[in-house]
Asks: 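Got a structure here, written out as structure tokens. Questions coming.
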There are 2 protein chains.
Amino acid sequence: MVRAGLTVERLTRAGAELADEVGFDQVTVSALARRFDVKVASLYSHLKSSQDLKTRIALFSLAELADRVAAALAGRAGRDALAAFADAYRDYAKEHPGRYAATRLRLDPETAAASAGVRHAQMTRAILRGYDLTEPDQTHAVRMLGSVFHGYVSLETSGSFSHTAVDLEESWSWIVDSLDTLLRTWTPGRTPS
Amino acid sequence: MVRAGLTVERLTRAGAELADEVGFDQVTVSALARRFDVKVASLYSHLKSSQDLKTRIALFSLAELADRVAAALAGRAGRDALAAFADAYRDYAKEHPGRYAATRLRLDPETAAASAGVRHAQMTRAILRGYDLTEPDQTHAVRMLGSVFHGYVSLETSGSFSHTAVDLEESWSWIVDSLDTLLRTWTPGRTPS
DNA sequence: CGCGGTTGCCTAAATGCATTAGGCAACCAC
DNA sequence: GTGGTTGCCTAATGCATTTAGGCAACCGCG
């Protein structure tokens, strides 16, 4: 009886692929076992639980996405950086919908703190260094960028935008441009009137 | 043997309450049966499937939210309307997290077309009538507003914003104000420079 | 008032996923 | 080669979904 050679890493990668194929919610220990042509119970030597599997896929995806964003950001600043960041994010979601969904998994605080999630926050702040924002405006802006990008990707993916004919690429650049304008024309301490 | 008096409507309402209590993902035909102190199979006279139940909860929540937004919007225009819309949305998600999550359920096209989702789109467009936008900018703006609001609510709910001390209410008004400014200073046909 | 049809909730059973316990064989190091 | 470790297995339990078929409660009609 030849062994399958399972490892946590291989299982996590395969889980990520499975997520892309059938959706993150449909990722199941059973389905993963089937993919390795192995009995379900065998996976429990490597994974603590179904939740454990999902968490690992989330952490993997978070790190992968952070790497992509970092690469896209290299050598760019200002609006260029903003657009690169936005595109890296959106492209990842298009290319790997299941993994993207995985990055939205709610992690418990310690796990989150040790995850690539903190790199995401750092990179968002790095982009804002190209604009003239100080605290607490910078935090507000971080939250706004996160909201817009995640919201757009999430709504686009779920088909909420497909009821109108207007081009999705066009809306995307319109939004990115608008955000750039907004951040550039922001005056520190300003109260919008 | 006294009958329980189940109806699709009561099941849907109870399902919505259950969603708020345990999360939309945890809504299950079994749990609902337990709540009515009835055997699981009994629900299948009223519901086609678990998916059917979830869809009904989604439609119910979508309509309820649309009603709230409509009420909040009554008699308001411009920035007032924008803020009222935003708050109605966010307050609903805070008050009814399970129902809010339900509104994000992916519906098949015909169901979506017959849902209160179209009212949401109409109301968003109504708000933009207070600003000087023409097509296709208006559609871009609809998408941006949807993205920001949904994104913020979604990230706030999932705890993604709780790593920083800055007040969430403050960020929220900052963002709403920024959007108002952005839309007011938008010049038709403009290409942001 | 009672009778008959309809409808509502039931029991029973099949299927699938998650999870644990315990066993045996393959593999690695010596 | 042999002994310990580790990996995958069989077996079993619990819970959710879903379907089939039955009986009793309820409603309208005479």
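Labels below follow one simple rule: chain letters A, B, ... track the order of the sequence lines, proteins then strands, and each chain is numbered from 1.
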Asks: Answer yes or no: does a side-chain N or O of Ser42(B) lie under 4.0 Å from OP1 or OP2 of dC10(C)?
Replies: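 Answer is yes, contact under 4.0 Å.
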
Asks: Kindly say if His46(B) contacts the phosphate of dT7(C), meaning a side-chain N or O under 4.0 Å from OP1 or OP2.
Replies: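 No.
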
Asks: Tell me: CD of Gln26(B) to C1' of dT17(D), nearest whole Å?
Replies: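 Those two atoms, CD and C1', are 16 Å apart.
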
Asks: Could you state the atom-to-atom distance from CG of Leu6(A) to P of dA26(C) in whole Å?
Replies: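 Going from CG in Leu6(A) over to P in dA26(C) covers 16 Å.
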
Asks: Please check this pair: side chain of Ser49(B) against backbone of Gln51(B), looking for a donor-acceptor N/O pair closer than 3.5 Å.
Replies: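 Between the backbone of Gln51(B) and the side chain of Ser49(B) there is a qualifying donor-acceptor contact (under 3.5 Å).
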
Asks: State yes or no: do Val22(A) and Leu43(A) share one hydrophobic cluster built from I, L, V, M, F, W and Y residues joined by side-chain heavy-atom distances below 4.5 Å, directly or via other members?
Replies: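 The answer is yes; both residues are in one hydrophobic cluster.
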
Asks: Between dA13(C) atom P and Lys39(B) atom NZ, what is the distance in whole Å?
Replies: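 So the two atoms are 15 Å apart, to the nearest Å.
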
Asks: Please confirm whether the shortest side-chain N or O distance from Ser50(A) to OP1 or OP2 of dA18(C) is below 4.0 Å.
Replies: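 The answer is yes; a side-chain N or O of Ser50(A) sits under 4.0 Å from OP1 or OP2.
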
Asks: Please report the distance, rounded to the nearest Å, between OH in Tyr44(B) and P in dC9(C).
Replies: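 After rounding, the gap between these two atoms is 16 Å.
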
Asks: Kindly determine whether Thr55(A) and Asp52(A) satisfy side-chain hydrogen bond (donor to acceptor under 3.5 Å, both in side chains), including the steps that lead there.
Replies: CA-CA 5 Å; Thr55(A) 302; Asp52(A) 181 36; 5.6 Å; no

Asks: Can a side-chain donor-acceptor contact be found between Asp20(A) and Tyr100(A) if the only test is distance below 3.5 angstrom?
Replies: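 The criterion, which ignores hydrogens and geometry beyond distance, is not satisfied for Asp20(A) and Tyr100(A).
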
Asks: Counting the atoms with a prime plus P, OP1 and OP2 as sugar-phosphate, which does Ser30(A) contact under 4.0 Å by heavy atoms, base, sugar-phosphate, or nothing?
Replies: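 If one applies the 4.0 Å heavy-atom cut-off, Ser30(A) turns out to touch the sugar-phosphate alone, with no base involved.
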
Asks: Whole angstroms only, please: what is the CD-P distance between Gln51(A) and dC17(C)?
Replies: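 Those two atoms, CD and P, are 18 Å apart.
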
Asks: Round to a whole Å and report the spacing from CG of Leu32(A) to P of dC8(D).
Replies: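 For the pair Leu32(A) CG and dC8(D) P, the rounded distance is 12 Å.
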
Asks: Could you state the atom-to-atom distance from CG of Leu53(A) to C1' of dC17(C) in whole Å?
Replies: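 The distance from CG of Leu53(A) to C1' of dC17(C) comes to 13 Å, rounded to the nearest Å.
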
Asks: Considering every strand and a 4.0 Å limit on heavy-atom distances, what is the contact class for Ser45(B): base, sugar-phosphate, or nothing?
Replies: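 Here Ser45(B) touches the bases of the nucleic acid.
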
Asks: Should Glu156(B) and Arg143(A) count as an ion pair when the cut-off is N to O under 4.0 Å?
Replies: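 Salt bridge flag = no for Arg143(A) with Glu156(B).
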
Asks: Please report the distance, rounded to the nearest Å, between CG in Leu43(A) and P in dT6(D).
Replies: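 The distance from CG of Leu43(A) to P of dT6(D) comes to 19 Å, rounded to the nearest Å.
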
Asks: How do Ala41(A) and Arg34(A) order along DNA chain C: which one's closest nucleotide is nearer the 5' end?
Replies: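 First, find each residue's nearest nucleotide; the 5'-ward one identifies Arg34(A).
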
